[in-house]
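These notes are about the structure you will find just below.
Order of listing sets the numbers, starting from 1, for every ligand and every atom in it. As a basis for the values below, the full set of heavy atoms in this structure was taken, side chains included, without hydrogen atoms, waters or symmetry mates. A quick note: this is a predicted structure, and the numbers were derived from the prediction, not measured.
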Amino acid sequence: MTKDMKMQQVSENCFAVVCEKNRVCDANSGLINRGGGVVIDTQSDLAHARQMIEMFSKVWSAMPKRVINTHEDGDHVWGNQLFVGAEIIAHRSVPERMKLVANPEEIQHMLHSVASAPTLQALHPGIVAAGLQLAEDYNFDGIELVLPTTLFDIRYELNLDGTEVHLIYVGPCHSAGDTIIHVPKEGVVFAGDLIFRQCTPMGWVGSYEKWFHGLDLVISLNPKVIVNGHGPVSGIEGVTEMKAYLQYVREESKKCFDAGLTSLDAAKRIEFGPYGEWRAPARLYMNVERAYREFRSEPPDAPWDQAATFDAIYKVAKAKGIEVEY
Ligand SMILES: [Zn+2]
């Protein structure tokens, strides 16, 4: 059991489970407790998923038969198997992407091997640092990919005993499958990884333009409460701060790009500013690299070398003289 997970009621029928450490893999889950209940995102490993279920079970009358995955990343889908027989709903791209983005067995193997591989430390210090950090909180044993079964393209609507729930596709901005869930009657948006709150966003597939569109859409829905993919629950300031961060990084990246710096050197040079207070600020590198990919007219789904990415974040943290954290 982790002490760093808590349940929070955010409206009459909506709840959140928030992973308060707010490092990589510490994703949040949601519950709309109407019409048999809908769970939104299922945590990174089985222990966290079981704890989330135990917390939500204090308010639901039975295990929900519906799950929504806001996108394909492991930290949002690797607890799916505990919802046996559930209808799992996601954007059409998600099942194929889930098979591509990460393999829980490989990651578990990596966690076992990092501590006892001195050559790996020299080759990939970022992989070792990330592996040691993940091993503090996570165990990826026993995870089976359970893919979404109900797929949609643009919008999908549920009616839970008179409470409408709107699933709106906003990707690709942070990943291919990005979906937000709006519960208009209760003024709640579950934003998935469109919004990282008080931690530095890590985006994989998508464009800045789409990300801004998605954030503007959340603003236009005028929610009272936003359950973010990572970090604390927020009001509208969660969206505006996220947008300001992305605008800042893209503008600073452009100056560095025009000056001929590499994305790694740019990330070392760009000031964290107020965002140095956010968790894992050296993840800035990924946002700079994404901007560079756009300046070079590369496609939004250009693949990432994950080892090189974790190493680059490590180097940025070292260059800035801060703790290496993911
Ligand atoms: Zn996430």
Side-chain angles (χ1 to χ4, degrees), residues 2 4-5 16-31 39-49 51-52 67-80 88 90-91 93-94 97-104 107 130 133-134 137-138 140 143 145 148 167 169-181 189-206 210-211 214-215 218 226-234 238-239 241-242 245-246 278-287 290 301 304 306 309-310 313 325-326:
T2 168
D4 302 301
M5 201 185 233
V17 157
V18 175
C19 284
E20 293 184 298
K21 266 196 183 175
N22 208 4
R23 304 192 295 185
V24 69
C25 279
D26 293 330
N28 300 329
S29 290
L31 168 68
V39 165
I40 298 160
D41 288 344
T42 59
Q43 300 290 314
S44 292
D45 69 5
L46 300 181
H48 285 75
Q51 191 168 339
M52 173 266 287
V67 169
I68 299 170
N69 290 146
T70 58
H71 62 286
E72 64 265 32
D73 286 348
D75 53 332
H76 300 259
V77 303
W78 282 352
N80 281 1
I88 303 180
H91 180 255
S93 63
V94 169
R97 291 285 312 168
M98 270 174 68
K99 291 185 240 168
L100 279 177
V101 287
N103 178 333
I107 295 187
Q133 177 189 308
L134 279 171
D137 297 314
Y138 289 99
F140 301 103
I143 295 169
L145 289 191
L167 286 69
Y169 178 59
V170 293
C173 55
H174 148 279
S175 56
D178 296 311
T179 295
I180 63 168
I181 297 104
V189 166
F190 296 89
D193 281 3
L194 199 64
I195 305 178
F196 286 65
R197 181 76 183 139
Q198 292 169 12
C199 61
T200 307
M202 300 178 88
W204 299 97
V205 171
K210 285 271 186 186
W211 209 327
L215 294 170
V218 176
I226 305 168
V227 178
N228 300 303
H230 295 263
V233 168
S234 72
V239 197
E241 287 182 22
M242 180 77 189
Y245 173 82
L246 292 174
W278 289 7
R279 205 86 208 227
R283 300 195 313 212
L284 165 71
Y285 165 76
M286 293 185 69
N287 301 306
R290 280 171 59 105
D301 61 348
W304 290 80
Q306 297 206 0
T309 303
F310 281 89
I313 293 169
E325 189 173 59
Y326 294 90

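Distances from the Zn ion (ligand 1) show that Cys25 has no N/O/S atom below 2.8 Å. The Zn ion (ligand 1) has no N, O or S atom of Asp73 closer than 2.8 Å. For the Zn ion (ligand 1), the set of nearby N, O or S atoms under 2.8 Å includes none belonging to His71.
Listed for the Glu72 side chain is no donor-acceptor partner under 3.5 Å among the backbone atoms of Ser93.
Counting only N and O atoms by type, the side chains of His230 and Asp193 include a donor and acceptor under 3.5 Å apart.
The Zn ion (ligand 1) is closest to atom OD2 of Asp193 (considering only N, O or S atoms). Looking only at N/O/S atoms, Asp75 comes nearest to the Zn ion (ligand 1) through OD2.
One finds a salt bridge joining Asp137 and Arg23 here, because a Lys/Arg side-chain nitrogen approaches an Asp/Glu carboxylate oxygen to under 4.0 Å.
The residue from Gln133, Arg279, Arg283 that alone fulfils the side chain to side chain donor-acceptor pair (under 3.5 Å) condition with Glu325 is Arg279.
Taking the centre of each ring, Tyr245 and Trp278 come in below the 6.0 Å mark.
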